[in-house]
Amino acid sequence: MRPFAPEPDLSERIHDSVLNAICSGAIKAGARITQEELAQQFGVSRQPVLQAMMLLRREGFLIDAGRKGVCVTPLDVDHARNLYVVRAALDGAAARLAAARYTPHLIQRGRELIDVGRRAVATGHVPSVIEADIDFHLFIYEASGNPVIGETAQPHWQHLRRVMAAALSEEDLRVSVWDEHEGILRALEAGQGAEAAALCHGHAVQMADILTGRLKVVISKAA
């Protein structure tokens with residue numbers, strides 16, 4: 001993290017930088033965070049850092065930790081599973097709606113996202129795969145035509161990204177995930193709303209099982 005030049009949105013930029021470091025795993029769960037250290041790293045005063053930290057606390061990424069001050073919120077298996085329960089419901093609803101309004105333009109965009117995802121898997125670069133995966137699901141939300149779905153999911157995506165970054169490793173980057181994504185697109189292209197919804201819901205449930213299982217191992221090793 002490098003120093004920022006003072007700007008009106010400085011606290012937001014600090015927030016985004018720290019959030020990215022937490023969600024990517026660069027700052028580990030349980031790590032102590034102080035205003036003084038962050039202010040020094042970014043080359044700013046403590047005030048914008050304080051504002052950024054307050055927002056991160058409200059969002060659930062930082063917690064008060066007694067004498068330790070503020071720490072990165074520990075990863076939690078139950079919370080991760082709850083996130084996927086919500087995502088499964090939203091994904092299914094979005095896919096059902098998207099199938100009824102799927103246009104040639106959406107077909108092209110969906111196919112492009114599949115190509116991006118498969119290329120990311122081929123590189124073995126976990127952050128790129130996570131980004132491609134999120135982009136694919138956000139695309140389905142957008143294709144649904146119901147902006148409330150995306151707005152409802154938005155606060156949870158960074159938590160989901162954090163879970164994926166902590167639980168996935170290069171050997172977990174299975175091509176079958178993108179085979180499942182392609183199956184979802186085929187159902188959308190065919191206008192099969194019920195099928196697309198079932199595939200999306202099942203995909204989210206399966207990923208919840210895989211990732212929470214991996215997360216248990218990660219947490220136990222860190223204990």
Side-chain angles (χ1 to χ4, degrees), residues 12 15-16 19-20 23-24 58-61 79-123 125-165 167-168 172-212:
E12 182 179 346
H15 164 275
D16 292 348
L19 177 61
N20 182 64
C23 292
S24 68
R58 287 199 298 269
E59 293 171 337
F61 293 99
H79 182 240
R81 186 167 289 281
N82 289 339
L83 287 170
Y84 272 93
V85 168
V86 173
R87 207 195 96 178
L90 292 175
D91 285 9
R96 186 182 298 274
L97 291 171
R101 59 188 306 277
Y102 215 62
T103 64
H105 174 66
L106 291 173
I107 290 173
Q108 180 181 351
R109 285 186 57 201
R111 290 290 166 179
E112 289 170 352
L113 288 170
I114 292 291
D115 290 341
V116 169
R118 291 195 185 279
R119 288 198 300 270
V121 169
T123 68
H125 187 239
V126 175
S128 295
V129 175
I130 292 172
E131 181 180 359
D133 184 84
I134 293 173
D135 285 346
F136 175 81
H137 292 285
L138 293 180
F139 162 72
I140 295 177
Y141 293 171
E142 180 186 347
S144 75
N146 184 339
V148 176
I149 293 177
E151 292 167 4
T152 303
Q154 191 276 331
H156 308 304
W157 271 111
Q158 294 296 346
H159 289 282
L160 287 163
R161 178 184 167 216
R162 187 181 179 211
V163 169
M164 288 188 279
L168 287 175
D172 295 319
L173 303 181
R174 303 168 306 147
V175 176
S176 63
V177 170
W178 287 91
D179 289 343
E180 292 167 12
H181 287 174
E182 191 157 7
I184 292 167
L185 286 191
R186 285 197 297 269
L188 292 175
E189 291 168 5
Q192 298 171 340
E195 176 68 8
L199 289 172
C200 268
H201 186 279
H203 174 67
V205 169
Q206 181 186 34
M207 291 308 299
D209 290 340
I210 293 170
L211 291 175
T212 54

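This chain uses plain numbering: 1 for the first residue, then up along the sequence.
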Checking N20 against D16 for the side chain to side chain contact (heavy atoms under 4.5 Å, CB included) test, could you report, in this order, the C-alpha distance in whole Å, the side-chain angles of both residues, the deciding distance, and whether it holds? CA-CA 6 Å; N20 182 64; D16 292 348; over 6 Å; no
Is there side-chain contact between L90 and H156, with at least one heavy-atom pair below 4.5 Å? no
Applying ring pair (Phe, Tyr, Trp, His ring centres under 6.0 Å), can you list everything that pairs with H159, at least two apart in sequence or on another chain? F61, H79
Trace of the side chain to side chain contact (heavy atoms under 4.5 Å, CB included) decision for I134 with M164: CA-CA 10 Å; I134 293 173; M164 288 188 279; 3.9 Å; yes
Looking at side-chain heavy atoms only, is the closest gap between L168 and V129 below 4.5 Å? no
Mind listing the side-chain donor-acceptor pairs of residues 188-204 below 3.5 Å, one per line with the distance, residues two or more places apart or on another chain?
| from | atom 1 | to | atom 2 | distance (Å) |
| --- | --- | --- | --- | --- |
| E189 | OE1 | R111 | NH2 | 3.1 |
| E189 | OE2 | R111 | NE | 3.0 |
| E189 | OE2 | R111 | NH2 | 3.3 |
| H203 | ND1 | E180 | OE1 | 2.6 |
| H203 | NE2 | H181 | NE2 | 3.1 |

Reported CG-to-CH2 distance for the pair L185 and W178, which is rounded to 0.5 angstrom: 9.0 Å
If you take all heavy atoms of G117 and A132, which pair is closest and at what distance? CA-CB, 3.8 Å
Measuring from atom CD of E142 to atom CG of D135, what distance do you get when rounded to the nearest 0.5 angstrom? 10.5 Å
Kindly determine whether Q154 and E151 satisfy side chain to side chain contact (heavy atoms under 4.5 Å, CB included), including the steps that lead there. CA-CA 5 Å; Q154 191 276 331; E151 292 167 4; 5.7 Å; no
Taken in chain and number order and not counting sequence neighbours, the residues that satisfy side-chain hydrogen bond (donor to acceptor under 3.5 Å, both in side chains) with R81 are D209, T212
Looking only at atom types and distance, does a side-chain atom of S176 sit under 3.5 Å from a main-chain N or O of D179, one as donor and one as acceptor? no
Listing request: all salt bridge (Lys or Arg N to Asp or Glu O under 4.0 Å) pairs with a residue in residues 98-108, at least two apart in sequence or in separate chains. none
Pairs flagged by side-chain hydrogen bond (donor to acceptor under 3.5 Å, both in side chains) wherever residues 83-97 is involved - sequence neighbours left out: R87-D91, R87-H137, D91-H137, D91-Y141
Mind checking what makes side-chain hydrogen bond (donor to acceptor under 3.5 Å, both in side chains) contact with E12, not counting sequence neighbours? none
Residues in side-chain hydrogen bond (donor to acceptor under 3.5 Å, both in side chains) contact with D115, at least two apart in sequence or another chain: none
For residues L113 and F136, report the shortest heavy-atom separation together with the two atoms involved. CD1-CA, 4.2 Å
Which pair of non-hydrogen atoms, one from Q158 and one from L19, has the smallest distance, and what is that distance? CG-CD2, 3.9 Å
Return the minimal non-hydrogen interatomic distance between Y102 and A143, and the atom names on each side. CE1-CB, 4.5 Å
Would you say the side chain of H105 lies within less than 4.5 Å of the side chain of R109, judging by non-hydrogen atoms? yes
What residues, two or more places apart in sequence or in another chain, satisfy side chain to side chain contact (heavy atoms under 4.5 Å, CB included) together with L97? S144, N146, I149
Who passes side chain to side chain contact (heavy atoms under 4.5 Å, CB included) against Q108, sequence neighbours left out? E112
Under the criterion side chain to side chain contact (heavy atoms under 4.5 Å, CB included), I'd like the reasoning laid out for L106 against T103: C-alpha separation, chi angles, the key distance, then a yes or no. CA-CA 5 Å; L106 291 173; T103 64; 3.4 Å; yes
